[in-house]
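A short write-up of the structure that comes next.
In what follows, every heavy atom counts, from backbone to side chain, and hydrogens, waters and symmetry copies are set aside. Residue numbering restarts at 1 for every chain, and letters A, B, ... go by the order of the sequence lines.
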Amino acid sequence: MSIASVIVDVPAKQTDREFDYLIPDKWKSIIRPGIRVVVPFGPRMVQGFVTGIKESSDLKKLREIKEPMDLEPVLNDELLQLGDWMTEQTLSFKVSALQAMLPAAMKAKYEKNVELTDLTSFDRMHEDVRSLFKHRKTLTWKEMLEAGKPSLFHKELQNGNLEVVYYVKNRLNKKTVRHVKPLLSTEELSEALDSLSASAKKQRQIVEHFLHAPESVSLKNLLEIVHSSAAAVKALVEKGILAEYDEEIYRDPYENRSFEETSAFRLTDEQAAALGPINAAVDAERNDIFLLYGITGSGKTEIYLQAIDKVIQNGKEAIMLVPEISLTPQTVKRFKERFGNQVAVLHSGLSVGEKYDEWRKIHRQEVKVVVGARSAVFAPFQNIGLIVIDEEHEGSYKQEEPPRYHARDIAIQRGLSHSCPVILGSATPSLESFARAQKGVYKLLSLTKRMNNSTLPSVEIVDMREELRTGNRSMFSEKLFAKLEDRLTKGEQTVLFLNKRGHSSFVMCRSCGVVINCPDCDISLTYHRSNHSLKCHYCGHEEGMPPVCPECGSDHIRFFGTGTQKVEEELGKILPNARVIRMDVDTTSKKGSHELLLNAFQEGKADILLGTQMIAKGLDFPNITLVGVLSADTMLHLPDFRASEKTFQLLTQVSGRAGRHQLKGEVVIQTYTPEHYSIELAARQDFDTFFEKEMEIRRLNHYPPYFYLALVTVFHEDLIKTVSVTEKITKYLRSNLSRQAIILGPVASPLSRVKNRYRYQCLIKYKREPGLNALLKNIINNFQQETAKGQLQIAIDLNPQMMM
DNA sequence: AGATGGGGCCCA
DNA sequence: GGGCCCCATCTC
């Protein structure tokens with residue numbers, strides 16, 4: 001008798017282990033590791049992942065697997081192992097790790113119903129219950145509760161007229177299209193045609209169609225061809241002439257798009273020098289990790305494309321990771337143009353169903369390349385020849401909810417399993433990666449020149465304090481304004497970048513100075529012009545803009561801070577002739593709008609592209625000769641040790657949008673702290689000096705890459721409780737970690753209260769603490785009872801990207 | 001997570 | 001003694 005080890009879909013400490021189940025004989029050939037199954041778990045049914053097959057179990061009484069949910073394993077051995085590794089690395093539940101590797105469509109959906117036990121039970125029930133079961137034998141649990149009368153239902157359940165039935169379903173199914181095909185040969189069809197009555201005109205037409213074209217056709221198309229209704233088809237099906245069946249299809253997010261094939265560009269000497277070692281590692285199947293450090297516009301993408309091409313020629317597969325924000329249609333296009341239908345795309349803009357279908361193409365080995373955001377690193381390829389992470393410094397590669405994995409770590413781990421190279425690419429590498437490259441852990445490949453013989457744009461820093469002193473109170477410095485005008489007359493394009501992070505438009509009363517905060521979070525509300533409302537960006541709380549100050553009743557209540565909408569308005573005043581395209585969360589929320597706006601800009605339908613973070617990357621239009629950064633330092637003062645690094649990266653990226661082709665580019669950076677090294681060095685595009693400077697600061701302050709970090713955050717509604725739990729944790733760690741570890745806390749989290757829960761944290765900086773994970777697990781176990789009830793929450797983030 | 005079932009408490 | 005709520009316990 002074989003037995004399956006199953007990880008059940010119950011993400012809780014107590015169920016975070018394998019459970020043994022008997023495999024019924026009929027499923028024996030199907031059930032293997034990596035298959036999802038439906039299993040009885042206590043009184044209900046849950047989804048589970050088979051992780052192993054064995055011949056015996058420590059338990060005598062085992063229950064049987066109800067049924068498999070897949071015919072082929074959805075996780076191969078490598079991914080199952082990766083799941084183990086990830087569970088250990090991120091201290092998450094095993095199910096969460098396994099689930100994270102699959103598309104959302106494959107997460108189980110649970111139903112709980114109340115059903116009649118048999119045909120006669122209806123008659124035996126109380127009439128109040130009976131009235132609900134007229135014409136139906138099932139009520140959902142919710143419907144039952146809404147009906148009231150719990151005691152009546154209870155009685156019927158007790159005496160066996162009703163039973164509770166649990167269902168486990170896929171959240172989404174394969175999409176099918178109804179097809180029709182003839183069941184008869186051509187001769188038989190013509191005989192059938194003769195036997196049809198003359199009045200059945202439509203039926204005769206359909207049969208005639210199949211005489212000419214005997215192949216299968218979708219019902220929709222057939223009806224269009226013969227101008228008929230489904231009824232006529234039905235009739236023919238009943239006569240045994242035709243058959244209807246469902247054919248599986250893929251939802252194609254790029255259905256209405258055609259891609260012109262491109263071939264490899266000729267590489268510059270520098271590019272060729274960088275591609276050489278990569279290709280060598282691809283051929284040798286060697287797990288080298290390359291840091292491709294190339295300035296903006298130096299042609300990193302072409303190197304990726306050619307390396308991937310090599311991988312495909314070698315009969316292997318490649319994973320290409322791109323940050324969500326730069327996974328634009330423009331990016332996708334470049335890969336589709338080069339590799340055609342060998343490419344699958346995975347990003348958040350796709351519907352759940354589309355993502356599922358793209359995943360299936362990978363799973364069934366119908367594609368060779370996947371281009372996608374963070375989670376695409378789990379693409380179920382069997383034979384990976386290369387993994388590329390573009391913009392490797394991007395914080396979005398770290399998942400901020402459990403399992404808190406970093407795609408870079410996963411990529412390196414998979415590179416090891418597949419014995420293939422990994423490329424980390426960036427114009428502004430993370431300090432961690434660059435430090436490793438310097439130590440020789442990663443192999444450094446540099447691109448120092450731009451393609452198209454273009455030079456880096458010249459950058460000017462404008463001191464906005466000076467502007468204020470000379471009486472310019474607008475958000476545009478004289479210099480930027482002059483250059484904007486100049487571009488307008490020349491017919492060249494400008495990109496204006498507004499950094500929104502930490503710079504929302506809050507509402508303040510000018511009389512009493514009160515700022516309107518979210519009632520549940522310690523953060524000011526943001527004004528939204530579109531519906532004249534105030535919104536909390538952390539919990540979603542929304543209220544109307546008050547006409548008078550809620551504190552003092554004064555009507556001098558106004559919003560402060562700069563939003564893109566406000567900049568747009570201002571532009572309209574000072575440059576009434578300029579055509580402006582605004583790109584922010586509001587204007588790009590609709591599917592496809594992102595592409596639409598960019599296309600319009602590319603086609604020259606606007607002079608100025610105004611936007612937030614989302615325009616910092618990937619834009620590559622020849623006519624952009626001016627980039628303006630409206631205020632460079634909004635991010636600089638965030639309470640995060642990476643604030644300088646982030647600012648440097650962002651400014652460098654934005655500046656890189658200008659002058660990428662024939663026309664020379666200029667950049668104007670407006671700031672209130674022009675002397676800050678990350679602004680100064682970004683203006684000079686001097687990564688090397690920035691790296692040295694920032695490394696020194698990290699060394700002095702014991703931050704990465706000199707130290708590792710672990711962040712423990714405690715959440716609770718009660719402030720005293722929050723602090724005392726954090727205190728206990730901090731003490732426990734202090735007394736159990738080595739002398740070299742630095743333990744900070746308890747301190748209030750930078751976001752001290754969200755959704756009416758206080759947050760306190762303890763930060764651990766360490767170099768080598770082999771026992772740390774075990775200690776952290778102890779903490780989780782220790783507070784398990786309290787956290788299970790939901791009042792208290794403890795989050796542990798190893799190598800956090802965000803300190804908030 | 002979610003169901004169960006025992007213990008404690010109130011009531012007739 | 002019966003009904004109800006709370007909380008610890010268990011789920012192969």
Side-chain angles (χ1 to χ4, degrees), chain A residues 1-25 27-28 31-69 80 87 91-100 104 106-115 139-145 148-160 162-169 171 401-403 715-716 721 780-795:
Chain A
M1 182 55 94
S2 351
I3 290 159
S5 302
V6 174
I7 296 288
V8 291
D9 179 24
V10 182
K13 192 83 210 57
Q14 295 189 61
T15 49
D16 187 28
R17 58 186 177 88
E18 287 174 334
F19 287 84
D20 292 346
Y21 286 90
L22 294 174
I23 304 174
D25 281 339
W27 303 126
K28 224 163 221 164
I31 289 177
R32 288 163 280 167
I35 291 260
R36 293 174 306 152
V37 287
V38 178
V39 290
F41 195 64
R44 58 208 169 116
M45 289 288 167
V46 298
Q47 187 192 59
F49 289 90
V50 176
T51 52
I53 304 289
K54 52 190 184 180
E55 284 308 311
S56 68
S57 169
D58 297 340
L59 281 96
K60 297 178 287 291
K61 285 219 152 194
L62 294 182
R63 299 174 80 180
E64 285 194 346
I65 288 177
K66 178 159 178 277
E67 65 199 16
M69 294 179 78
L80 284 171
T87 304
L91 300 177
S92 54
F93 299 129
K94 186 75 172 286
V95 239
S96 313
L98 298 179
Q99 213 96 67
M106 290 168 86
K107 203 167 152 41
K109 202 173 75 182
Y110 296 103
E111 272 175 28
K112 186 182 175 187
N113 291 339
V114 188
E115 298 186 356
L139 279 188
T140 66
W141 190 257
K142 222 175 128 207
E143 285 171 328
M144 186 206 75
L145 291 177
K149 314 187 184 61
S151 54
L152 280 181
F153 278 101
H154 191 236
K155 213 188 267 167
E156 300 299 351
L157 285 164
Q158 291 242 295
N159 62 30
L162 292 177
E163 60 182 340
V164 181
V165 186
Y166 298 85
Y167 291 99
V168 181
K169 288 181 175 168
R171 180 168 303 191
E401 60 265 19
F715 308 76
H716 198 280
K721 177 75 182 170
I780 296 173
N781 287 334
N782 202 257
F783 290 98
Q784 197 268 319
Q785 286 201 331
E786 283 184 82
T787 49
K789 279 181 279 181
Q791 293 283 338
L792 177 72
Q793 196 193 334
I794 298 174

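Atom C1' of nucleotide dG3(C) and atom NZ of Lys155(A) are separated by 14 Å, given to the nearest angstrom. The distance from atom CD of Gln158(A) to atom P of dT4(B) is 11 Å, rounded to the nearest whole Å. Computed from coordinates, the Lys112(A) NZ to dA1(B) P distance equals 16 Å when rounded to whole Å. The nearest whole Å value for the distance from the CG atom in Asp16(A) to the P atom in dA1(B) is 12 Å. Rounding to whole angstrom units, CG of residue Leu157(A) and C1' of dT4(B) are separated by 15 Å.
Within 6.0 Å of CD on Gln785(A) lie no more than 12 heavy atoms contributed by other residues, nucleotides or ligands.
Using modelled atom types, no side-chain atom of Tyr110(A) and backbone atom of Met45(A) make a donor-acceptor pair closer than 3.5 Å. Gln47(A) places a side-chain N or O within 3.5 Å of a backbone atom of Met106(A) that can act as its donor or acceptor partner.
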Quick test: give all pairs of protein nitrogen or oxygen and nucleotides 5-12 of chain C nitrogen or oxygen below 3.5 Å, distance rounded to 0.1 Å.
unit_1	atom_1	unit_2	atom_2	d
dT11(C)	O3'	Gly42(A)	N	3.0
dC12(C)	OP1	Tyr21(A)	OH	3.3
dC12(C)	OP1	Pro40(A)	O	3.2
dC12(C)	OP2	Arg63(A)	NH1	2.7
dC12(C)	O3'	Asp20(A)	O	2.5
dC12(C)	O3'	Arg63(A)	N	2.9
dC12(C)	O2	Asp20(A)	N	2.7
dC12(C)	N4	Arg17(A)	NH1	3.3
dC12(C)	N4	Arg17(A)	NH2	3.1

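Each of Val38(A), Val37(A), Val39(A) was checked for a side-chain contact (heavy atoms from CB on, under 4.5 Å) with Lys66(A), and the lone residue meeting it is Val38(A).
Within 4.0 Å (heavy atoms only), Tyr166(A) reaches sugar-phosphate atoms of the nucleic acid but no base atom.
A salt bridge is defined here as a Lys NZ or Arg NE, NH1 or NH2 lying under 4.0 Å from an Asp or Glu carboxylate O, and Glu786(A) with Lys721(A) meets this definition. Ion pairing between Asp20(A) and Lys54(A) holds under the 4.0 Å rule for side-chain N and carboxylate O.
Pairing for dG7(B) is with dC5(C), a Watson-Crick or G-U wobble pair whose two hydrogen-bonding atom distances lie under 3.5 Å.
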